[in-house]
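Below: the structure, in structure tokens.
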Amino acid sequence: MESDAEEETSATPAAAPAAGRLKGSPELTVDADMREMAKTAAWSVSSCKAGNGVAALRDDNLDTYWQSDGAQPHLVNIQFQKKVQLQLVVLYVDFKLDESYTPSKISIRAGDGFHNLKEIKTVELAKPVGWVHISLSGADPRETFIHTFMLQIAVLSNHLNGRDTHVRQIKIFGPRPNPVPRQPFHFISREFITYSTIR
Amino acid sequence: METLMVDRIHSSLRLFMHRNAIFLCERLCAQFPSETNLQLLATCYLHNNQPYAAYHILKGKKLPESRYLFAMSCFRMNLLREAEDTLCPVNEPNIESSIQVPSGATGNYLLGVIYRCTGRMSAAAEQFTQALTVDPLLWAAYEELCILGVAEDADECFSEATALRLQQEHASTSALEKSNFANENRILSSSLPSSLGDIIPKQMKQLHANITAEVPGYHHVRGTALHVQNSTTSNIVQFDTPSPATAQTSSIVPPPLFRNVHAYQNTISVDAPAKQKANGANQPLRRKYLDEARLKKVSGRLFNQSSESLPRRSARLSRDTTINSNSNISQFGGNGTDHSSGKLRVNSSTPSKLCSTAIRSVQVRKGKPRATENFDEGSRNEVIDEMWTDNEPATSSSVTTDGRFFEQDKAERIMSQDSKLAVGIRELLGLLRLLGEGFRLSCLFKCQEALEVFRKLPEPQFNTGWVLCQVGKAYFELVDYLEADHYFELAHRLSPCTLDGMDIYSTVLYHLNAEMRLSYLAQELISIDRLSPQAWCAVGNCFALRKDHETALKNFQRAVQLDSRFAYAHTLCGHEYSALEDYENSLKFYQCALQVDERHYNAWYGLGVVYLRQEKFEFAEHHFRRAFQINPRSSVLMCYLGMALHSLKRNEEALEMMEKAIAADKKNPLPKYQKALILLGLQKYTEALEELERLKEIAPHESSMYALMGKIYKQLNILDKAVFCFGIALDLKPPAADLAIIKAAMEKVHLPDELMDDDL
């Protein structure tokens with residue numbers, strides 16, 4: 001499923017930097033029971049160069065990229081219309097093309113708004129090429145998801161000490177809603193699923 | 001030149017040479033400008049898919065046929081208002097009854113379709129019913145009535161009464177002729193000299209022989225009474241025309257013949273099809289006359305008393321025999337129904353004509369070839385008049401006895417033709433009755449009965465694409481997807497180009513989770529017809545199965561674009577928007593679907609689900625109830641209605657509904673599960689547990705069931721069982737969301753239950 005996620009160890013409850021470094025994989029591999037959550041969210045960035053704005057992060061085109069244009073940390077803010085359950089953040093970065101623009105240290109913060117964001121995850125990347133999967137789950141199965149109104153992805157530093165950063169695509173994943181409304185649990189067996197909806 | 005051109009244009013149209021037809025027709029209209037020719041040109045344009053051209057040339061024309069063609073071109077160009085105005089002008093509300101193209105029924109049908117497209121369902125139903133009364137064989141009108149849900153029993157629409165009416169319609173056109181001849185006969189009989197008795201039979205024999213000479217020929221060709229009909233038809237048609245001519249033969253017709261004629265007239269008007277017997281009786285008679293036919297030429301010469309008539313007679317006879325075969329062949333090639341109706345007309349009036357047969361028959365045959373091109377009575381009149389004068393002296397008393405045979409044979413032939421038509425009508429009506437009843441029942445979602453009716457069909461009819469698709473659809477509504485799959489697959493194999501039911505087939509495969517087969521079906525359908533909405537629905541279902549809702553949505557939108565009157569495409573778009581949680585758009589699309597077809601219960605259901613998600617429970621209940629009213633047999637609908645009631649806290653009604661759903665379909669696990677949920681909400685823990693135990697037998701691998709059981713045990717404080725159930729639930733690999741909840745629940749089992757957070 002997620003590549004290199006096992007490299008991380010989040011032993012301490014405090015937001016400690018991850019021990020392993022992510023390499024990125026050429027394929028975007030996501031569980032079938034997850035779906036992209038941020039289509040109706042409001043995306044904004046701390047700064048950008050003309051022609052390489054925030055839209056490049058969501059255009060499903062790996063050739064276009066967002067280029068920041070200011071002081072570090074560079075921030076990508078994602079605000080949802082209601083509290084959502086999130087499980088996975090995936091970024092596409094390419095060291096071979098972007099070199100010193102490639103982010104090396106990323107921090108993910110969550111909260112209700114700009115005023116109470118709290119860091120929930122930090123990862124370090126090592127010359128990544130491809131999709132970098134960052135899981136937001138804790139070790140406890142009860143902590144599979146984070147429930148939040150807002151997510152902030154902060155690029156703290158780049159490779160080769162570059163000032164600005166290039167990110168080509170960002171996707172946010174969460175669980176699928178139950179196709180049958182108002183149910184406590186999902187149905188998984190064929191017998192139930194066949195009879196559960198009218199199409 | 002005009003008739004020649006018209007003929008060529010018609011044959012070009014028949015052979016699909018549209019450009020040729022258009023060119024010739026334009027030349028025709030330039031040279032002979034008349035409204036009929038303009039109509040022909042419009043027909044050519046419509047055949048060539050250029051409704052705008054037809055619109056342009058027919059604008060403002062007043063003849064009924066022109067108005068119908070104009071309305072058809074408006075309809076094709078989607079100018080519904082204009083089409084409606086043409087068919088039914090505002091200031092002449094009864095005009096549609098006068099639309100005679102063809103026979104008024106299709107005018108009513110077109111008007112009905114327009115009303116349906118513009119949302120006036122009751123007016124549409126009226127029009128379709130009217131169309132059916134005018135033409136009971138207009139299946140499309142009955143189909144529309146079924147779809148509107150207001151069709152009456154097929155037994156009534158395609159009944160004995162209808163059969164009689166159809167026959168009478170055919171008969172009535174010749175009734176005039178019949179009455180004409182009756183009058184003539186009366187005149188003739190009154191003036192009959194008895195001395196003719198001897199001469200006439202012989203002559204009749206000759207003439208009869210002549211006529212029957214054709215009959216064997218017919219028999220060789222097809223051996224059915226139809227051929228006899230052909231000859232007699234034309235004979236009789238010929239007989240019809242010369243009323244002044246018959247007066248001339250007053251000396252010829254003997255009273256006995258007339259009496260016989262009356263007798264035969266009576267038997268035929270009773271519409272008793274003794275066709276088989278008649279046929280049987282005909283055979284020996286005809287064989288008898290066969291020999292006579294060979295003598296005809298000789299006897300004709302012997303027989304002819306007037307020198308002038310002799311050469312003409314023999315010439316006529318020889319001409320007749322050759323021409324007859326030709327004319328017969330040309331008649332065979334024509335349109336079956338026209339001929340049969342023509343024959344009927346002839347049949348019923350044959351007996352009356354038989355009395356004045358002898359000479360007329362010869363005349364008829366002579367006239368028949370000329371009339372082959374078109375039954376132009378005027379030309380026949382000329383021929384017959386001419387022949388009459390020749391034959392006058394030749395009439396003899398031999399007519400009497402032979403005439404009786406002749407007449408009898410003819411009458412029998414007519415009867416057999418008549419009864420053949422009657423049997424034909426009844427067979428067709430019987431078939432339509434079965435199909436109509438089956439279709440009506442399946443539109444009312446009485447699927448079991450519909451299936452029974454369809455099974456009564458004869459095997460060749462059953463094994464056709466349409467019927468098999470209907471059977472598949474019935475199983476689909478019964479939520480028996482395996483059977484539906486089987487029948488749809490058979491239908492697709494037997495007629496791969498029937499696209500009508502394939503959207504439902506793709507939904508069946510979607511429900512069965514058959515990804516490979518669904519994608520194969522979608523590929524096939526696209527390759528058959530890229531412009532059919534059903535193919536794109538299948539492709540969309542493919543993507544929806546893989547949970548790629550955006551691509552699925554794109555495909556469904558393409559289907560909508562291709563045919564905005566295809567309700568299911570709208571509904572599927574609505575489903576996809578709902579899955580993408582874009583409720584505004586999904587509501588819009590469901591309502592579009594309902595505008596097209598108010599009885600599309602899937603759209604009502606979809607609306608109910610959206611409102612349920614949005615927690616607008618009253619709305620949800622209302623919409624589920626509407627869906628339930630349309631399809632009262634669906635256990636899934638009942639279940640959802642119960643869920644809406646439960647959300648409204650009307651728990652008794654909810655439980656009732658669940659009981660109904662359980663009773664309606666034993667295999668459906670969902671109502672049982674929902675019942676358990678409701679009972680849990682009512683804190684009737686033991687009953688809920690019982691229900692879930694029963695459920696275990698049907699669906700043993702459902703983690704949600706065990707999770708619920710675990711919850712109930714926790715409430716009952718039977719903690720070890722609770723943990724056990726949660727464990728099983730976890731083993732069955734629920735999705736991540738459930739995993740989290742169940743694990744949390746498991747850990748909290750030993751804690752007091754304030755933190756159970758997954759109540760409804």
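Labels below follow one simple rule: chain letters A, B, ... track the order of the sequence lines, proteins then strands, and each chain is numbered from 1.
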Atom pair NZ (B:Lys672) and CZ (A:Phe192), whose distance is rounded to the nearest 0.5 Å: 9.0 Å

Given heavy-atom pairs under 4.5 angstrom as the criterion, report whether the side chain, backbone, both or neither of B:Lys667 touches chain A. both

Portion of A:Phe145 that has a non-hydrogen atom of chain B nearer than 4.5 angstrom: side chain

Give the member of B:Ser704, B:Ala699, B:Ala544, B:Ala740 that has the highest number of heavy-atom pairs under 4.5 Å with chain A. B:Ser704

Go through the atoms of A:Thr194 and report whether side chain, backbone, both or neither lie under 4.5 Å from a heavy atom of chain B. both

Here the gap from B:Leu670 atom CG to A:Gln183 atom CD, rounded to the nearest 0.5 Å, amounts to 6.5 Å

Distance in Å, A:Asp60 CG paired with B:Glu550 CD, rounded so as to fall on 0.5 Å steps: 8.5 Å

Looking at B:Asp738 and A:Phe185, would you say the former's side chain and the latter's main chain have a donor-acceptor pair under 3.5 Å? no

Where do A:Val180 and B:Arg613 come nearest, in terms of heavy atoms and distance? N-NH2, 4.4 Å

From A:Arg182 atom CZ to B:His646 atom NE2, the distance as rounded to the nearest 0.5 Å: 8.0 Å

Would the number of heavy atoms belonging to other residues, nucleotides or ligands and lying under 6.0 Å from CZ of A:Phe80 be above 12? yes

Any sub-3.5 Å donor-acceptor pair from B:Glu702's side-chain atoms to A:Ile188's backbone N or O? yes

Does A:Pro184 reach the side chain of B:Leu677, with side-chain heavy atoms less than 4.5 Å apart? yes

Shortest non-hydrogen pair, B:Asp665 vs A:Tyr195, comes out as OD2-CE2, 3.3 Å

Minimum heavy-atom separation for A:Arg190 and B:Leu512, please, with both atom names. NH1-C, 3.9 Å

Does some side-chain heavy atom of B:Tyr568 sit less than 4.5 Å from a side-chain heavy atom of A:Arg199? yes

Checked B:Gly606, B:Pro669, B:Ala579, B:Ser635 vs chain A; the most non-hydrogen pairs under 4.5 Å come from B:Pro669

Can you tell which part of B:Gln614 gets under 4.5 Å to a heavy atom of chain A, answering side chain, backbone, both or neither? neither

Looking only at non-hydrogen atoms, find the nearest pair between A:Pro181 and B:Met643 and report the distance. O-CE, 3.6 Å

For B:Ser703, is it the side chain, the backbone, both, or neither that has a heavy atom closer than 4.5 Å to a heavy atom of chain A? both

Picking from B:Val636, B:Ile698, B:Asn668, which has the most non-hydrogen pairs under 4.5 angstrom with chain A? B:Asn668

Output yes when a side-chain donor or acceptor of B:Tyr640 lies under 3.5 Å from a complementary backbone atom of A:Ser196, and no otherwise. yes

Turns out that what part of B:Leu637 lies under 4.5 Å from chain A's heavy atoms comes down to both

Just verifying a value: how many Å separate B:His511 NE2 and A:Ile198 CD1, rounded to the nearest 0.5 Å? 8.0 Å

Go through the atoms of A:Thr40 and report whether side chain, backbone, both or neither lie under 4.5 Å from a heavy atom of chain B. neither

dist B:Leu739:CG -> A:His186:NE2 (nearest 0.5 Å) comes out at 12.0 Å

For B:Tyr611, which atoms come within 4.5 Å of any heavy atom of chain A: side chain, backbone, both, or neither? neither

Engaged part of B:Ser634 at the chain A interface, taking heavy atoms whose separation is under 4.5 Å: side chain

Should A:Arg176 and B:Lys547 count as side-chain neighbours, where that means a heavy-atom distance under 4.5 Å? yes

Which one of B:Thr507, B:Asn513, B:Leu732 has the most heavy-atom pairs closer than 4.5 Å to chain A? B:Asn513

